[in-house]
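Each remark here refers to the structure printed beneath this line.
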Amino acid sequence: MSRLADETTRAAVPEKPALEGLEAKWDADWEASGIYRFDETRPRAEVFSIDTPPPTVSGSLHVGHVFSYTHTDIIARYRRMSGQAVFYPMGWDDNGLPTERRVQNYYGVRCDPSLPYDPDLAAPPDAGRPSAVAKRRTIAVSRPNFIELCEELTASDERAFEDLFRRIGLSVDWTRTYATIDAHCRRVSQLAFLENLERGEAYQIEAPSLWDTTFQTAVAQAELDDREVPGAYHKLRFAGTGGADDIWIDTTRPELVPSCVALVAHPDDGRYRPRFGSTVRTPVFDVEVPVLAHALADPDKGTGIAMICTFGDTADVTWWRELNLPVRTVIGRDGRLAAEPPAAVESAAGRAAYARLAGKTAAQARAEIAAVFAESGDIDGEPRPITHPVKFFEKGDKPLEIVSSRQWYIRNGGRDDDLRQALIDRGVQMNWVPAYMRARYESWIAGLNGDWLISRQRFFGVPIPLWYRLDADGSPLWDAPIRPDPGTLPVDPSADCPPGYDESQRGRPGGFAGDPDVMDTWATSSLTPQIATGWRTDEALYASTFPMDMRPQAHDIIRTWLFSTVVRAHFDAGAVPWHNCALSGWILDPDRKKMSKSRGNVQVPTDLLERYGADAVRYWAACGRPGTDTAFDEQQFRIGRRLAVKLLNASKFVLRFAELDDVASVEVERREQALGADLDAGAVPAGVTGPLDRSMLHRLAGLVDDASQALDAFDYARALERTESFFWAFTDDHIELVKARAYGEHGTAAAVSARLSLRAASRVLQQLFAPFMPFVAEEVWRWWHPASVHASAWPQSGPLRAAAGGAGALPGVVAAAVLGEVRRAKSEAKRPLRTEVLRATVADTAERIAMLATVVDDVRAAGRISELVTSEGPELSVACDLAPEAAA
RNA sequence: GGGCGCGUAGCUCAGGCGGUUCAGAGCGCUUCCCUUACAAGGAAGAGGCCGGGGGUUCGAGUCCCUCCGCGCCCA
């Protein structure tokens with residue numbers, strides 16, 4: 001395509017360039033030209049595929065989204081300009097508890113799975129008005145209706161996110177979006193689960209698991225928070241049997257005494273060693289339990305001996321499993337004590353005491369049992385207040401209980417050393433940015449103490465795709481689940497029938513029952529690479545995009561999203577899911593607190609975009625180094641905006657020489673036309689002869705190498721810093737130094753050299769800025785190019801270095817240094833910069849004086865120096881005789 | 001308690017392999033300048049025991065040890 005032919009499609013350089021309106025203008029242009037669409041015809045080696053994090057759309061927009069997504073976009077744009085076909089999809093995470101909660105509050109409804117589907121149900125008229133919703137009773141709706149409401153609300157949330165992401169110029173391929181609850185994701189999620197089941201990587205077992213009594217669901221290890229909460233030690237008496245002494249234990253959970261199955265002390269603890277193997281009787285409930293030894297018992301805690309209950313905490317689970325103890329459950333799924341005591345409680349007194357606890361919450365029962373023990377004399381003194389760490393569900397506000405239930409697990413190395421090591425090895429096969437983040441991955445794996453619990457007793461999620469046959473008594477036959485035909489996925493076992501059954505057999509003896517549970521949201525989002533790349537649905541796409549090249553994500557979810565994704569890819573593909581993990585930091589408010597909705601310190605991005613523009617907001621984001629938390633600093637937006645304005649003005653200055661009606665202008669155009677399309681390959685037309693011009697091109701070549709190297713290493717911040725620093729020196733010094741020559745004051749050849757090199761540098765700088773500030777870069781590029789800068793080829797240093805013709809950095813450095821000294825002399829004399837210097841005396845080393853001689857005309861013109869004399873000296877010094885001040 | 005990271009100018013932060021772009025940038029502050037790309041701008045200046053203390057080395061923001069302070073992840 002010849003540049004002449006497209007002359008008419010180019011915009012003229014405006015008289016007063018401005019940033020306003022660029023975002024809408026170029027977003028529309030990009031959308032129309034489709035330059036961000038993935039080219040499926042390109043082979044794997046030319047593809048760069050990105051596993052974009054699906055944002056939780058039920059949250060609100062804030063600057064944190066802008067921050068990390070901009071980092072990814074910079075890399076995507078760089079790779080695209082480097083010639084790769086960038087696969088850059090977008091997902092929405094609308095699956096799971098956050099969405100359920102938002103829907104409940106927004107519409108004022110609750111899900112009742114026992115209700116039938118109502119096809120005519122409309123959203124409540126007061127939906128979205130919290131004060132109105134709060135005044136009325138919540139409306140019970142069926143599970144399918146509830147899910148419809150979830151879908152309705154998430155659809156509008158997703159539009160708001162897409163608007164924001166377009167506004168900040170993400171070069172996402174918007175024809176490739178997914179939502180974690182859509183049919184495609186449910187299908188992939190269920191299919192992957194069924195394949196895990198087939199290979200034995202998923203299994204179901206009745207076992208103690210962490211249980212949130214508020215949300216009524218099991219939760220996984222990765223979702224735990226330890227919180228320090230107040231509690232109290234109760235010192236209780238366990239009566240020795242066969243005439244042995246009583247044993248006193250300290251416990252924070254006396255209400256669990258009815259579920260006590262043993263006492264345990266450290267094997268080396270001399271105080272209790274004689275008692276190992278003997279028994280004691282629990283206070284009041286009078287159940288005989290053994291005294292056992294286990295290394296996990298802490299001799300320094302309380303009296304050094306603990307009671308094992310089923311179950312009070314995770315240590316109980318370990319002891320129970322390793323010491324082969326029975327189960328005596330008292331806490332139910334609702335967090336209350338069961339109506340009946342465990343069968344082991346036989347005595348009338350014990351059963352009477354238990355009756356005082358039955359139906360109470362754990363906290364209520366604790367108070368009651370303290371009274372019971374006080375009456376019986378089995379407690380020593382008053383409870384002693386302490387604070388201790390207690391496990392919570394990260395989204396919950398009541399302590400977790402441990403209840404025995406039937407749950408689905410996926411193996412993750414928590415109970416298998418070989419698998420554990422294999423997953424650690426996968427981490428070694430990936431490039432981590434920054435590198436030290438891998439340590440977090442490894443330490444998480446090292447600390448795993450069980451497999452990954454994926455079933456959740458919730459509604460808005462991907463259902464476990466199984467049914468169970470019911471025996472003649474109506475009890476499910478757990479060991480032989482009925483699987484769906486893969487072609488029918490996704491299925492909802494609560495609404496769909498298994499193959500060979502009809503709806504009338506649901507819940508009937510001899511019929512079937514659907515698995516009531518859904519999968520944890522991470523069980524689906526751990527499959528984002530498979531979801532995005534067309535696994536099992538588009539084998540060609542999968543082959544050209546998987547394993548993916550990049551997973552950008554925040555560092556706090558290494559243990560969840562990153563790790564679980566590695567687990568799935570390891571099982572499914574025997575591979576890493578991606579070659580690079582880029583971990584981003586958080587946005588902190590100016591007081592260095594993490595920005596979050598609950599803290600109320602969130603900055604709304606639309607407001608910032610309004611005031612500073614997308615390029616300025618991106619500039620701020622790009623200054624945050626990989627993995628590093630960044631404080632929100634409004635000053636950075638101003639700086640970014642100033643940089644964008646400067647790029648407009650500097651580009652205008654350079655390009656408008658072409659409009660001068662002089663010989664040099666004709667000559668520049670002739671030389672560029674002679675090169676034709678090679679200009680786009682980075683060639684510089686012959687004719688750059690000026691030493692200062694060549695010196696600048698030499699340094700520009702170095703900048704291209706630095707920036708490319710940094711971007712290859714995902715260090716966008718370094719690339720921007722180098723580019724920005726060069727650019728300011730270019731405008732402050734180089735342009736000032738060559739300005740007179742470019743205007744033709746030293747003849748045509750000198751002007752041609754100046755203008756050609758300025759144009760070459762502008763071209764390169766516009767391209768180097770393009771990944772960071774895509775809107776303004778596109779604007780200035782289109783002033784002289786028919787096609788998008790974002791589809792142009794990333795600059796190469798070779799042609800620039802060739803054009804520099806062996807020049808070094810020094811001429812430019814010396815010229816700028818002398819000019820700086822002259823400016824200082826004028827500034828210190830409080831005279832305008834245009835003041836004439838009658839005579840400047842420059843002393844410097846011989847080498848630098850020699851360099852100065854080659855560029856002296858430029859220096860004299862820029863400094864308005866009439867006479868410049870040089871001498872040798874140890875270092876640079878400049879003495880200036882300024883022209884006398886004109887009489888007022 | 002373990003792991004990781006961070007302490008450099010008033011503020012926010014750069015400082016790839018120890019030595020000529022090692023005392024740096026921007027902001028803020030002070031002063032000056034409407035100069036034919038840019039006043040939504042430009043030029044210049046002042047400001048620092050590079051957290052403390054040891055060590056390695058001819059030489060240490062840079063490497064090692066230790067202490068202090070801060071943050072994050074996990075127990």
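A note on names: the letters A, B, ... follow the listed sequences, proteins ahead of strands, and every chain is numbered from 1. Scope of the values below: all heavy atoms of this structure, side chains included, with no hydrogens, waters or symmetry mates.
- For the pair A:V789 and A:H785, the minimum side-chain heavy-atom distance is 4.5 Å or more.
- Across B:C33 and B:G18, the matching P atoms stand 49 Å from one another, rounded to whole Å.
- Counting only heavy atoms from C-beta on, A:Y436 has its side chain closest to B:C4 among B:G16, B:C27, B:C4.
- Here the nucleotide nearest the side chain of A:R823, chosen from B:A44, B:G3, B:A37, is B:A44.
- In this pair, A:F727 and A:F769 present their aromatic rings perpendicular. The plane angle is above 60°, beyond the 30 to 60° band.
- Ring geometry for A:W444 against A:F563 counts as perpendicular: the plane angle is over 60°, on a 0 to 90° scale with 30° as the lower cut.
- Nearest nucleotide to the A:W728 side chain, out of B:G42, B:A37, B:U35: B:G42.
- When rounded to the nearest whole Å, the span between CG of A:N649 and C1' of B:U36 equals 14 Å.
- Between the P atoms of B:C29 and B:A75, the separation comes to 47 Å (whole Å).
- The aromatic rings of A:W620 and A:F632 stand perpendicular to each other, their planes meeting at an angle above 60°, with 30° marking the opposite boundary.
- Nucleotides B:U35 and B:A25 have their P atoms positioned 28 Å apart, rounded to a whole Å.
- Below the 3.5 angstrom threshold, one finds no donor paired with an acceptor across the side chain of A:R625 and the base of B:A14.
- Neither OP1 nor OP2 of B:A44 sits under 4.0 Å from any side-chain N or O of A:K830.
- Counting to the nearest Å, the P atom of B:U36 and the CG atom of A:L660 are 15 Å from each other.
- With the nearest nucleotide of RNA chain B identified for both A:S651 and A:A18, A:S651 has the one nearer the 5' end.
- Considering only heavy atoms from C-beta on, A:L648 stays 4.5 Å or farther from A:F653 through its side chain.
- Across the C1' atoms, B:C58 and B:G52 are found 26 Å apart, a figure rounded to whole Å.
- Rounded to whole angstrom, the span from the CD atom of A:E828 across to the P atom of B:C33 amounts to 15 Å.
- If you take atom P in B:C74 and the same atom in B:G19, they sit 38 Å apart, rounded to whole Å.
- Annotation: side-chain hydrogen bond (donor to acceptor under 3.5 Å, both in side chains) contacts of A:Y78 (sequence neighbours excluded): A:D712.
- Checking the phosphate oxygens (OP1, OP2) of B:A37, a side-chain nitrogen or oxygen of A:K739 falls inside 4.0 Å.
- Salt bridge present: A:R782 and A:E778 bring a charged side-chain N and a carboxylate O closer than 4.0 Å.
- Remark: A:R656 is not in phosphate contact with B:U36, judged by side-chain N or O atoms under 4.0 Å from OP1 or OP2.
- Base orientation at B:G26 is anti, since its O4'-C1' glycosidic dihedral falls outside 90° of 0.
- The distance between the ring centers of A:F657 and A:Y743 falls below 6.0 angstrom.
- Put simply, A:R559 has no side-chain N or O that comes within less than 4.0 Å of OP1 or OP2 on B:C4.
- Taking every side-chain heavy atom of A:R642 into account, B:G26 is the closest of B:G16, B:G26, B:U35.
- For the residue pair A:T835 and A:R864, no side-chain donor N or O sits within less than 3.5 Å of a side-chain acceptor on the partner.
- Side-chain proximity of A:S827 to B:A43, B:C72, B:A37: nearest is B:A43.
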Completion exercise
Writing each nucleotide of RNA chain B 5' to 3' as (, ), [, ], | or . by Watson-Crick or G-U pairing under 3.5 Å yields (((((((..((((.....[....)))).(((((.......))))).....(((((..]....)))))))))))).
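- Residue-level contact check: A:R722 touches the bases, meaning some heavy atom is under 4.0 Å from a base atom.
- For the pair A:E836 CD and B:C33 P, the interatomic distance rounds to 19 Å; values are reported in whole Å.
- Between A:E721 atom CD and B:G16 atom P there is a gap of 11 Å when expressed in whole angstrom units.
- In this structure, A:K652 reaches the sugar-phosphate backbone alone: every heavy-atom distance under 4.0 Å involves primed, P, OP1 or OP2 atoms, never a base.
- To the nearest angstrom, P of B:A37 lies 11 Å from CD of A:E15.
- Closest to the side chain of A:K646, out of B:C27, B:A14, B:C38, is B:C38.
- The gap from the C1' atom of B:C38 to that of B:G42 amounts to 9 Å, rounded to the nearest Å.
- Checking B:C72, B:G42, B:A37 against the side-chain heavy atoms of A:R440 singles out B:C72 as nearest.
- A:M437 places its CE atom 10 Å from the P atom of B:C6, with the value rounded to the nearest Å.
- The side chain of A:R831 places no N or O atom within less than 4.0 Å of a non-bridging phosphate oxygen (OP1 or OP2) of B:A43.
- The separation between A:W620 atom CH2 and B:C13 atom C1' is 15 Å, rounded to whole Å.
- At a threshold of 4.5 Å between non-hydrogen side-chain atoms, the residues A:D705 and A:R801 count as touching.
- Remark: the separation of the C1' atoms in B:G28 and B:G45 is 14 Å, to the nearest Å.
- Base orientation at B:C49 is syn, since its O4'-C1' glycosidic dihedral falls within 90° of 0.
- Considering only the side chain of A:Q635, B:G28 comes nearest among B:C33, B:G16, B:G28.
- For the residue pair A:T845 and A:E872, no side-chain donor N or O sits within less than 3.5 Å of a side-chain acceptor on the partner.
- Here A:E20 pairs with A:R641 in a salt bridge; the nearest charged N to carboxylate O distance falls below 4.0 Å.
- OP1 or OP2 of B:G45 lies within a sub-4.0 Å distance of a side-chain N or O belonging to A:R824.
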Using a cutoff of under 3.5 Å, can you pull out all pairs of nitrogen or oxygen atoms linking the protein to nucleotides 7-11 of chain B, with atom names and distances?
none

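- For A:E20, the side-chain atoms get nearest to B:A40 when compared with the rest of B:A37, B:A75, B:A40.
- Taking atom P in both B:G47 and B:G24, the straight-line distance is 13 Å, to the nearest Å.
- Each of A:R638 and A:T731 lies near RNA chain B, and the nucleotide nearest A:R638 is the one positioned closer to the 5' end.
- When only modelled atom types and interatomic distance are considered, A:Q553 and A:S584 share no side-chain donor-acceptor pair under 3.5 Å.
- Between A:K16 and B:A39, a side-chain N or O to OP1/OP2 separation shorter than 4.0 Å is present.
- Residues A:Q421 and A:D425 bring a donor and an acceptor atom of their side chains to less than 3.5 Å of each other.
- Base engagement by A:E736 is indicated by at least one non-hydrogen atom pair under 4.0 Å involving a base atom.
- Across all strands shown, A:I639 has heavy atoms under 4.0 Å from sugar-phosphate atoms exclusively, and none from any base.
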